[in-house]
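A short worksheet on the structure shown next.
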Amino acid sequence: MSEPVLKLEDVRRHFSQGDEKLEVLRGISLSIHPGELVALVGPSGAGKSTLLHIAGLLEQPSSGEIEIAGRRSSSLSDNQRTALRSSEIGFVYQFHHLLPEFSAEENIILPQMILGRPRRRAAERARDLLRQIGLERRAAHRPGQLSGGEQQRVAIARALANAPKLLLADEPTGNLDQHTAEEVFALLTRLVRDAGMGALIATHNLDLAGRMDRTLEMRDGQLVVHRPAA
């Protein structure tokens, strides 16, 4: 089997509330491989977002190790963690968080230029992604001129702009109607498969979760693995 794009080893996270310690993650271990879509389910407040933040190097665990594309993160400096996150991890959220003053194309160009790609090459990559998501004719439109589904498609393209090995998504269809959610999920699945990325997707939609390769359920700060029926 190929090397995991994400590997967590006994990851724990607790928060102090006065004299008490609130344990949110209690020894999480998991691996996600290239081309694999993994659903993360569980009730609100179960720790799904905390797990995604830690997996995405946005938050430090209390203990444990996070490995991204073969690189262990515990010994990295803040700048090294930021560089690893920018180059190897893409993020999609429930709310698109597109920059309203920039066009769809510019929103996809910006993360590439931050990583050092020349604008001309970044624009070529942005136009190619816009073609893949069926929005090439909307390239010059700002987010406010796009529908909710179109905005989320652009957010997905932005997450893929730097060709990451790992995609982390937090309720990517949670703000969409059922029909649009189906379209966005199908697009996300196709792009992940085609690019050979690994993906960890938090969702409350159990129907969508059942179509992924595995489902991980957050329960009492731990993970329970559910595999789809044959």
Side-chain angles (χ1 to χ4, degrees), residues 1-15 17 20-69 73 89-95 152 155-156 159 164-178 180-182 184-193 197-230:
M1 185 175 288
S2 57
E3 180 180 81
V5 294
L6 171 66
K7 186 176 181 181
L8 305 185
E9 298 176 348
D10 195 25
V11 168
R12 299 175 183 271
R13 184 70 170 105
H14 66 260
F15 299 92
Q17 293 185 335
E20 296 186 7
K21 185 169 70 173
L22 176 63
E23 291 189 277
V24 178
L25 303 180
R26 304 169 182 257
I28 302 294
S29 296
L30 67 90
S31 294
I32 296 177
H33 292 83
E36 184 180 30
L37 279 89
V38 178
L40 180 64
V41 303
S44 297
K48 301 189 301 297
S49 293
T50 298
L51 178 58
L52 287 175
H53 289 166
I54 287 175
L57 307 182
L58 294 169
E59 185 177 327
Q60 290 272 27
S62 301
S63 63
E65 181 66 72
I66 302 100
E67 190 174 298
I68 306 293
S73 67
I89 306 173
F91 297 89
V92 181
Y93 300 97
Q94 179 174 352
F95 299 98
Q152 197 64 321
I156 291 170
K165 291 183 174 66
L166 173 66
L167 181 75
L168 299 174
D170 196 354
E171 296 289 348
T173 63
N175 199 38
L176 305 173
D177 63 76
Q178 182 176 351
T180 306
E182 290 279 350
V184 169
F185 177 73
L187 172 69
L188 185 61
T189 300
R190 175 174 59 81
L191 292 174
V192 167
R193 301 285 196 204
M197 291 182 290
L200 180 61
I201 302 174
T203 181
H204 281 107
N205 190 322
L206 297 183
D207 177 58
L208 296 184
R211 299 184 216 172
M212 299 189 216
D213 300 311
R214 284 186 288 146
T215 298
L216 305 176
E217 180 186 356
M218 290 292 300
R219 186 186 299 173
D220 297 326
Q222 297 179 313
L223 289 179
V224 180
V225 179
H226 300 271
R227 296 188 183 275

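With sequence neighbours excluded, no residue forms a side-chain hydrogen bond (donor to acceptor under 3.5 Å, both in side chains) with T50. In this structure, the side-chain contact (heavy atoms from CB on, under 4.5 Å) partners of S62, at least two apart in sequence or on a different chain, are R13, H14. Residues satisfying the side-chain hydrogen bond (donor to acceptor under 3.5 Å, both in side chains) criterion with N205, sequence neighbours excluded, are absent altogether. Under the ring pair (Phe, Tyr, Trp, His ring centres under 6.0 Å) criterion, F91 pairs with no residue at all, not counting sequence neighbours. Among residues two or more places apart in sequence or in another chain, the side-chain hydrogen bond (donor to acceptor under 3.5 Å, both in side chains) test is passed with E171 by H204.
Between R193 and G35, the shortest heavy-atom contact is NH1-O, 2.7 Å. Residues L51 and L25 share a closest heavy-atom pair of CA-CD1, 4.1 Å. Here the closest heavy-atom approach between residue I32 and residue G198 is recorded as CG2-CA, 4.0 Å. Heavy atoms only, all atoms of each residue included: A159 and L167 are closest at CB-CD1, 3.9 Å. Residue T203 comes nearest to V41 through the heavy atom pair O-CG1, 3.5 Å, listed as atom of the first residue, atom of the second, then distance. Taking every heavy atom of both residues into account, V92 and A155 meet most closely at CG2-O, 4.3 Å.
The closest donor-acceptor contact from the side chain of D10 to the backbone of G64 lies at 3.5 Å or more, if one exists at all. The closest donor-acceptor contact from the side chain of Q222 to the backbone of G27 lies at 3.5 Å or more, if one exists at all. A donor-acceptor contact shorter than 3.5 Å is absent between the side chain of E67 and the backbone of L8.
A distance of 9.0 Å separates CG of L188 from CD of Q152, quoted to the nearest 0.5 Å. Atom-to-atom distance recorded for T173:OG1 and Q178:CD is 10.0 Å, nearest 0.5 angstrom. E9 contributes atom CD, which lies 10.5 Å from atom CG of L30 (distance to the nearest 0.5 angstrom). The distance from atom CG of L52 to atom OH of Y93, rounded to the nearest 0.5 Å, is 8.5 Å. Note that CG of L200 is 7.5 Å distant from CG of L166, once rounded to the nearest 0.5 Å. One finds the CD1 atom of I89 at 12.5 Å from the CE atom of M197 (value rounded to the nearest 0.5 Å).
In this structure the side chain of T215 never reaches within 4.5 angstrom of the side chain of V38, judged on heavy atoms. Proximity of L208 to I201: side-chain heavy atoms (C-beta onward) are nowhere separated by under 4.5 Å. In this structure, I156 and P172 have side chains that are not in contact, with every pair of non-hydrogen atoms separated by 4.5 Å or more.
Surrounding NZ of K48 are more than 12 heavy atoms belonging to other residues, nucleotides or ligands, all under 6.0 Å away. In D220, the CG atom is not crowded: 12 or fewer heavy atoms of neighbouring residues, nucleotides or ligands sit closer than 6.0 Å.
Within the structure, every pair that satisfies the salt bridge (charged side-chain N to carboxylate O under 4.0 Å, His left out) test and touches residues 20-30, not counting sequence neighbours, is listed here: E23-R26.
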Walk me through whether I68 and V5 qualify under side-chain contact (heavy atoms from CB on, under 4.5 Å). CA-CA 6 Å; I68 306 293; V5 294; over 6 Å; no

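Exactly one of R219, R214, M218, M212 qualifies for a side chain to side chain contact (heavy atoms under 4.5 Å, CB included) with L216. That residue is R214.
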